[in-house]
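One-based numbering, in listed order, for ligands and for the atoms of each.
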Amino acid sequence: MAEEAVLEFLHQNDEIVDSGQFATQSRISHDEIVNVIKSLRAFSFVDAQDIKRDSLVLTDEGRTYAATGSPEVQLVNAIPPEGITPKELENKVGSQIFKIGRQYVLKNKWAEMGKSLVTRKVDTIDDEVRRMLMRIQEGEVLNAEDVASLKKRKLAASQTWKGYSVKKGPKYARERRKPATDLTREHLQRDDWKNLEFKEYNFKAKGFPVEGGHLHPLLKVRRQMQMIFLQMGFEEMPTNNYVESSFWNFDALFQPQQHPARDSHDTFFLKEPSTTKILPEDYVARVKQVHESGGYGSRGYGYDWKREEADKNLLRTHTTAVSSRMLYSLAQKPFAGQRYYSVDRVFRNEAVDRTHLAEFHQIEGLICDRGLTLGDLQGVLQDFFSRLGMSKLRFKPAYNPYTEPSMEIFGYHEGFKKWVEIGNSGMFRPEMLLPMGLPGDVRVIAWGLSLERPTMILYGIDNIRDLFGHKVDLSLIKSNPICRIGVQ
Ligand code: FB9
């Protein structure tokens, strides 16, 4: 519509002198005409020269007073011959007119504004302000002093009108045929492709963003951790069971049945199915015995071990439950050393905070072989954490029910310039290994850490809910950088 109007007018008249007048004559909005002119100029259909006109226009307030009279005149006209109290006068004209008009009434000495009575001092007044506003509306030009006074009262403002004068351009045509963007079957069938104009290729145009899949930061760090373990000769353990029996999760690890971690305040027990059905009975008997009366050089815990406690199903509290299963199965065949690792979800019924949820992903590594020592454990931790970028380690004696000795692991973080707790470790106790049937000289060194802590540190995330859970911002999933650990 607007484009056709402009091109047809130029065909008839060679020039549009003023786009504003053309818009009015064509009954088309000037904004629409301007957009068409810019588009036609971009394709050399027209030559367009800028026109600028500065004009004075009334503000909303100015237009109001041009219609109703200036506030100061409205205020004086509202004063009766006998006078009026200030409050009554304000109620009569309204607080806005009263507040604005008052200052000009006093300046023009048109009334006496006493504290209790307002009296008029002149019989006739000339609403000069209203008259000036109406002259502007009629397009008259006022002197600079009057314009300045109206601008100061914000009753008028300068406005720059921008338009164009337009002539035919080098590529003018009475109608603009959209350049074809594709050679279609119809073009060939109609044989009209020969006189088609094809749009130029825009080699600078950006391609559409390719929407593909995106990996969660946890999965990226998990992959890197897996690569580190595989490069170190470890084999992944099958961790595809969140539900575990208390037997494999605690009893097999020589964790006593009264231990606070086995309380429902720390562990999620299942209602259905509440109990496990199958356990290796001969092994269970040895576990019962080692808890109650020891053996293998241990004196045990000296309590009545209960099968129904061991049968309770739970959500595993650590992947060490899987490690115990793997070590037991290793003991059922001629012994050969092994290196196992696991990275999977574990569940703890604990207070949640900014960095802890009721579940997290535990990473665990273990080496099972004859004659291993604490030095071997410290050595493999040095190798493992160096690959994570933390080569300065310190070890602090600690306690775990299933490892002795045990060590907390600390690493010096070059970025934070401080020591950071990076995991826990130890040597599984004989009371755990020997009832399984492992040879007496076999030792198991093991360690654990979480997946969330390194991921939060590596990706600069300080609240775990921004990393894991239903409040995670998907743009984080789409835009997080690659994980650069475990790359030697
Ligand atoms: O991951 C932890 N910290 C950590 C690890 C790596 C890391 O990488 C650097 C940036 C590159 C940074 C930090 N921690 C263990 C230490 C703390 O975060 C701690 O507050 C939280 N711990 C979890 C348990 O909290 C309920 C992290 C989790 C943890 C702790 C111990 C084990 C596993 C996970 C274990 C074990 C174990 C011990 C002996 C034998 C077998 C397994």
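Between E350 and H356, the side chains place no donor N or O within less than 3.5 Å of an acceptor N or O (distance only, hydrogens not considered). Looking only at atom types and distance, the side chain of S323 has a donor-acceptor partner in the side chain of E364 under 3.5 Å away. Using a 3.5 Å distance cut-off with no hydrogens or angles, the side chains of S165 and K167 do not pair a donor with an acceptor. Side-chain contact annotation: Q289 with R286, donor-acceptor N/O pair under 3.5 Å absent.
For atom 28 (C) of ligand 1, the nearest non-hydrogen atom of the protein is S450 CB, 3.7 Å. Closest to atom 10 (C) of ligand 1, if we only count protein heavy atoms, is I457 CG2, 3.7 Å. The protein non-hydrogen atom at the shortest distance from atom 3 (N) of ligand 1 is E421 O, 3.0 Å. Of the protein's non-hydrogen atoms, I422 O, 3.3 Å is the one closest to atom 5 (C) of ligand 1. Nearest non-hydrogen protein atom to atom 8 (O) of ligand 1 is P454 CB, 3.4 Å. Regarding atom 24 (C) of ligand 1, its nearest protein heavy-atom neighbour is F360 CZ, 3.9 Å. For atom 31 (C) of ligand 1, the closest heavy atom belonging to the protein is N424 CB, 3.7 Å. Looking only at heavy atoms of the protein, atom 18 (O) of ligand 1 is closest to R453 CG, 3.1 Å.
Between atom CD of residue E421 and atom CZ of residue F410 there is a gap of 5.0 Å, rounded to the nearest 0.5 Å.
Residues passing the ring-ring contact (aromatic ring centres under 6.0 Å, His included) test with Y340: none are found, sequence neighbours excluded.
Taking only non-hydrogen atoms, the option from A398, S406, G448 nearest to atom 36 (C) of ligand 1 is G448. Residue nearest to atom 11 (C) of ligand 1, selected from H356, M407, M390, H361: M390 (by heavy-atom distance).
Those atoms of ligand 1 with a heavy atom of A446 less than 4.0 angstrom away are 40 (C), 41 (C).
Using a 4.0 Å heavy-atom cutoff, S425 is listed among the residues neighbouring ligand 1. Within the structure, ligand 1 has R348 among the residues with a heavy atom less than 4.0 angstrom away.
Distance remark: protein heavy atom present below 4.0 angstrom from atom 1 (O) of ligand 1.
The pair K288-E292 meets the salt-bridge criterion, since a charged nitrogen lies less than 4.0 angstrom from a carboxylate oxygen. The pair D251-R262 meets the salt-bridge criterion, since a charged nitrogen lies less than 4.0 angstrom from a carboxylate oxygen.
If you look at E364 next to ligand 1, the close heavy atoms, those under 4.0 Å, all belong to the side chain.
Aromatic ring centres of W248 and Y328 lie closer together than 6.0 Å.
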Only distances under 3.5 Å count here; give the side-chain donor-acceptor pairs of residues 34-51 to other protein atoms, sequence neighbours excluded, each with its distance to 0.1 Å.
{"residue": "N35", "atom": "ND2", "partner": "D31", "partner atom": "O", "Å": "3.4"}
{"residue": "S39", "atom": "OG", "partner": "R176", "partner atom": "NH1", "Å": "3.4"}
{"residue": "S39", "atom": "OG", "partner": "R176", "partner atom": "NH2", "Å": "2.7"}

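Annotation: N400 places no N or O atom under 3.5 Å from an N or O atom of ligand 1; distance criterion only.
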